[in-house]
Amino acid sequence: MGFQTEMVVMSIKEIGYSDENALLELLLTYKALGDEDALGNCSTSGCAPLRVEHGDDLDFESSNGDDDASDTQPSSGDCGDENFIRKMSEKDKKINPLVHMGFSENDANMAITRCGMDADLSVLVDSISASLVARDFDLSNHQVMNRCSDSFRGTKKIRLMEDRKKKRKRYGGTAHGNQIFLDGSHYEHMPPPNPMVGFSLPNYSQLSVDRKIPKKAIGRPFFYYENVAQALTGVWATISSSLYGIQPEFVDSKHLCAAARKRGYIHNLPIENRAPLLPLPPKTILEAFPRYKKWWPSWDTRTQFNCLRTSVACQQLTGSIGALARTGNPPPRNIQKDIIKQCKVYNLVWIGKNKVAALEPEEIEYLLGFPKDHTRGLAITNRYKSLGNSFQVDTVAYHLSVLRGMFPNGVTVLSLFTGIGGGEVALHRLGIHMRTVVSVEIDKTSKRIFRGWWDQTQTGTLIEFDDVKSLTDAKVASLVTRFGGFDLVIGGSPCNNLAGCNRYSRDGLEGKESVLFYEYPKILEAVEDAMSRM
DNA sequence: GTAATCATGAATCTTAAA
DNA sequence: TTTAAGATTCATGATTAC
């Protein structure tokens with residue numbers, strides 16, 4: 001194994017992709033393909049900083065020599081591998097008929113890499129066709145991820161196939177993703193790393209990350225997309241393939257604050273020299289809320305909250321838990337277990353002797369990194385809902401912190417699905433001036449909260465749109481011209497149809513609300529096109 | 001009409017045990 | 001290594017209260 005190949009495998013393993021054999025197979029395939037895609041290499045060890053010129057016109061370019069794709073290639077020391085030769089021979093047999101059908105050799109190669117050597121010809125044709133109608137993506141990373149899961153064997157693979165069958169049945173085979181990838185490659189598994197620590201965390205040693213960003217996606221406009229980490233199988237592969245195949249950064253905010261929040265982030269931001277918001281937020285329940293220590297029973301061993309969601313426990317439940325807690329001092333073990341289980345599900349706190357309650361909205365604001373009373377003025381159910389749908393500010397700010405040095409004169413932001421402004425609060429707390437924010441948010445109560453915060457804290461320009469669908473290419477181009485382009489396109493699209501706690505309509509990316517995801521890459525592309533013409 | 005309340009599993013991941 | 005059990009999850013719709 002060449003040194004560089006080994007390094008890549010180790011790097012990917014460290015961030016959670018554990019099938020070394022699959023990776024080796026992939027790298028051999030890469031070698032065979034010659035990997036004509038010019039990959040931008042943004043590894044932690046090899047990424048030079050982006051050059052930024054400030055002035056009337058901003059010009060960004062990579063200076064890390066990414067025109068030379070050989071930096072990312074495996075060494076040539078494995079050419080004699082018999083297995084490799086055999087694979088290439090088999091591959092040629094697959095490629096030839098496809099080339100005769102009029103597809104390019106490269107497209108055929110890519111399809112085989114995506115679908116696997118055993119895929120039927122019809123499946124390969126479908127895959128190539130899908131690729132051609134899709135955007136001009138660099139799918140290199142997507143291949144890496146898919147190939148990792150292609151290596152599933154035995155029962156796991158059978159289970160995966162069964163899952164796919166279930167989904168096809170459930171979605172009727174008409175889902176957005178299904179229509180494009182009939183080979184099912186979008187349903188490939190993309191397991192989040194364990195522990196879910198992303199590419200780096202404050203006060204932790206930097207992980208070794210081999211992160212590739214296609215050349216087209218390097219630099220301005222920077223983009224930052226967010227959604228729930230534990231979506232249905234295949235969702236993140238689809239999201240990733242729609243965003244240049246960039247590998248998601250999965251982070252559980254429990255590593256930065258006192259509440260879990262497992263989210264995936266796809267972005268083209270540099271990952272070196274990140275800095276957290278200070279002061280660092282408390283990471284345990286009792287550090288965050290010391291007043292509860294007086295009533296917290298020793299047998300309730302929780303130290304952190306689970307995910308803060310859009311609804312909270314009803315009074316009947318908290319009342320019945322109190323009754324259970326009074327069954328003994330302490331209550332019997334089995335009762336303790338039941339109580340803790342409910343407390344975990346609903347994030348209950350001990351506010352008195354044998355008395356539990358749901359967190360107050362201002363406590364959730366605090367845990368999520370928002371200013372006190374950020375959502376005050378809304379009905380309480382709307383406060384819970386809007387907060388449950390928002391970013392964890394410290395987490396997002398940590399990722400966005402790299403913008404501070406790049407844009408000392410402030411940023412122009414296109415904010416999609418703004419909500420109550422988690423991204424903007426993060427930028428503000430980082431001390432990054434927002435010259436202009438074009439905000440798109442359809443919910444009136446969230447808009448009210450965001451507008452109120454903006455008026456109190458900001459001096460820049462706020463432009464508001466209601467519906468992402470109203471943002472046509474022409475309108476985007478007009479905004480780009482008016483504001484000199486965007487420095488950051490940020491947003492997390494609706495998770496309603498992805499979230500695990502949705503019992504009624506967890507329909508995936510083609511669900512009623514979550515389908516709006518597709519507006520994000522569409523608008524991002526419109527921004528990039530308009531900016532390329534500037 | 002609006003807001004509050006409450007009951008409603010399953011997909012997926014993690015951990016423990018065989 | 002495989003299997004089983006446990007744990008977690010940016011929610012939704014029907015009903016009730018105001």
Side-chain angles (χ1 to χ4, degrees), chain A residues 16 18-19 152-160 162-164 166-167 170-171 187 189-196 225-236 250-254 259-265 301-302 304-320 337-338 340-347 358 361 364 367-368 370 375 377-393 395-396 417 419-420 422-423 443-446 491-508 511-514 516-517:
Chain A
S18 56
D19 192 320
F152 274 58
R153 296 288 184 269
T155 55
K156 280 188 180 176
K157 185 157 188 172
I158 292 167
R159 277 187 201 163
L160 193 58
E162 286 174 348
D163 286 347
R164 288 180 192 164
K166 278 186 197 170
K167 285 188 173 65
R170 183 174 177 181
Y171 303 144
Y187 287 128
H189 197 38
M190 188 180 280
N194 184 17
M196 199 182 284
Y225 174 81
E226 177 261 11
N227 216 319
V228 291
Q230 293 169 342
L232 290 164
T233 303
V235 163
W236 274 104
F250 290 109
V251 184
D252 188 339
S253 293
K254 74 177 185 181
R261 205 164 188 82
K262 298 180 181 67
R263 298 292 180 268
Y265 306 88
T301 54
R302 287 177 297 154
Q304 291 190 299
F305 293 111
N306 281 332
C307 185
L308 305 165
R309 305 206 302 266
T310 56
S311 58
V312 295
C314 59
Q315 291 167 5
Q316 284 193 7
L317 179 71
T318 55
S320 64
K337 198 176 168 185
D338 289 344
I340 291 173
K341 189 176 176 183
Q342 293 297 325
C343 287
K344 282 182 176 177
V345 170
Y346 292 101
N347 283 321
I364 296 177
L367 291 166
L368 292 178
F370 285 93
T375 58
L378 298 182
I380 192 168
T381 47
N382 283 334
R383 294 184 74 182
Y384 284 124
K385 186 178 178 185
S386 59
L387 285 163
N389 281 321
S390 70
F391 290 166
Q392 204 287 322
V393 171
T395 309
V396 172
F417 314 103
I420 56 173
D443 182 70
K444 286 185 172 56
T445 56
S446 293
S493 61
C495 67
N496 310 41
N497 309 117
L498 311 178
C501 48
N502 185 344
R503 305 180 182 194
Y504 299 94
S505 54
R506 197 182 186 196
D507 299 328
K512 187 182 170 188
E513 286 85 17
S514 296
L516 289 173
F517 155 73

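Numbered from 1 within each chain, the chains take letters A, B, ... in sequence-line order.
In terms of the side chain to side chain contact (heavy atoms under 4.5 Å, CB included) criterion, residue partners of A:A231 (sequence neighbours excluded) are, by chain and number, A:V228, A:V235, A:W236, A:L498. A:R503 is linked by a salt bridge (charged side-chain N to carboxylate O under 4.0 Å, His left out) to nothing, counting only residues two or more places apart in sequence or in another chain. Under the side-chain hydrogen bond (donor to acceptor under 3.5 Å, both in side chains) criterion, A:T395 pairs with A:S253, A:Q392, sequence neighbours left out. A:N227 is linked by a side-chain hydrogen bond (donor to acceptor under 3.5 Å, both in side chains) to A:Y225, A:S493, counting only residues two or more places apart in sequence or in another chain. Residues passing the side chain to side chain contact (heavy atoms under 4.5 Å, CB included) test with A:K344 are A:R302, A:N306, A:I340, sequence neighbours excluded. Partners of A:K385 according to the salt bridge (charged side-chain N to carboxylate O under 4.0 Å, His left out) rule, which considers only residues two or more places apart in sequence or in another chain, do not exist here. Applying the side-chain hydrogen bond (donor to acceptor under 3.5 Å, both in side chains) criterion to A:R383, with sequence neighbours excluded, gives A:E365, A:T375. Annotation: side-chain hydrogen bond (donor to acceptor under 3.5 Å, both in side chains) contacts of A:T318 (sequence neighbours excluded): none. A:R263 meets the salt bridge (charged side-chain N to carboxylate O under 4.0 Å, His left out) test with A:E226; sequence neighbours excluded.
In this structure, A:E513 places its CD atom 13 Å from C1' of C:dG13, rounding to the nearest Å. Rounded to an integer number of Å, the gap from CG of A:L498 to P of C:dT12 is 11 Å. Whole-Å rounding puts the A:N347 CG to C:dA7 P distance at 15 Å. Rounded to an integer number of Å, the gap from CZ of A:F305 to C1' of C:dC10 is 17 Å. Residue A:D252 contributes atom CG, which lies 13 Å from atom C1' of C:dC10 at whole-angstrom precision. In this structure, A:Q342 atom CD and C:dT8 atom P are separated by 12 Å, rounded to whole Å. B:dT14 atom P lies 19 Å from atom NZ of A:K341, rounded to whole Å. A straight line from CG of A:L387 to C1' of C:dA11 spans 15 Å, rounded to a whole angstrom.
Residue contacts for A:K344: at a heavy-atom cut-off of 4.0 Å it reaches the sugar-phosphate backbone alone, with no base atom in range. Contact annotation for A:S493: base contact, defined as any heavy-atom pair under 4.0 Å involving a base atom. As judged by a 4.0 angstrom heavy-atom cut-off over every strand, A:K262 is placed among residues touching the sugar-phosphate backbone only.
There is a side-chain donor-acceptor pair under 3.5 Å between A:D443 and A:T445.
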Could you provide the dot-bracket string of DNA chain C, using ( ) for intrastrand pairs, [ ] for crossing pairs and | for bases paired to another strand, with Watson-Crick or G-U pairs below 3.5 Å? |||||||||.||||||||
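B:dT8 and C:dT9 are spaced 14 Å apart, taking the C1' atom of each and rounding to whole Å.
Between A:T233 and B:dT12 there is a side-chain polar atom (N or O) within less than 4.0 angstrom of OP1 or OP2. Side-chain N/O atoms of A:N306 include none lying less than 4.0 angstrom from OP1 or OP2 on C:dA7. Here A:N496 reaches the OP1 or OP2 of C:dT12: one of its side-chain N or O atoms lies under 4.0 Å away. Distances shorter than 4.0 Å separate none of the side-chain N or O atoms of A:K385 from OP1 or OP2 on C:dA11.
A donor-acceptor pair under 3.5 Å links the side-chain atoms of A:D252 to the main chain of A:R261, judged by distance alone. Listed for the A:N497 side chain is no donor-acceptor partner under 3.5 Å among the backbone atoms of A:D507.
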The contact string for nucleotides 3-9 of chain B, one letter per nucleotide 5' to 3', using protein heavy atoms under 4.0 Å with B, S and - for base, sugar-phosphate only and none, comes out as SSBSSBB
Return the polar atom pairs (N/O with N/O) between nucleotides 16-18 of chain C and the protein under 3.5 Å, or none.
none

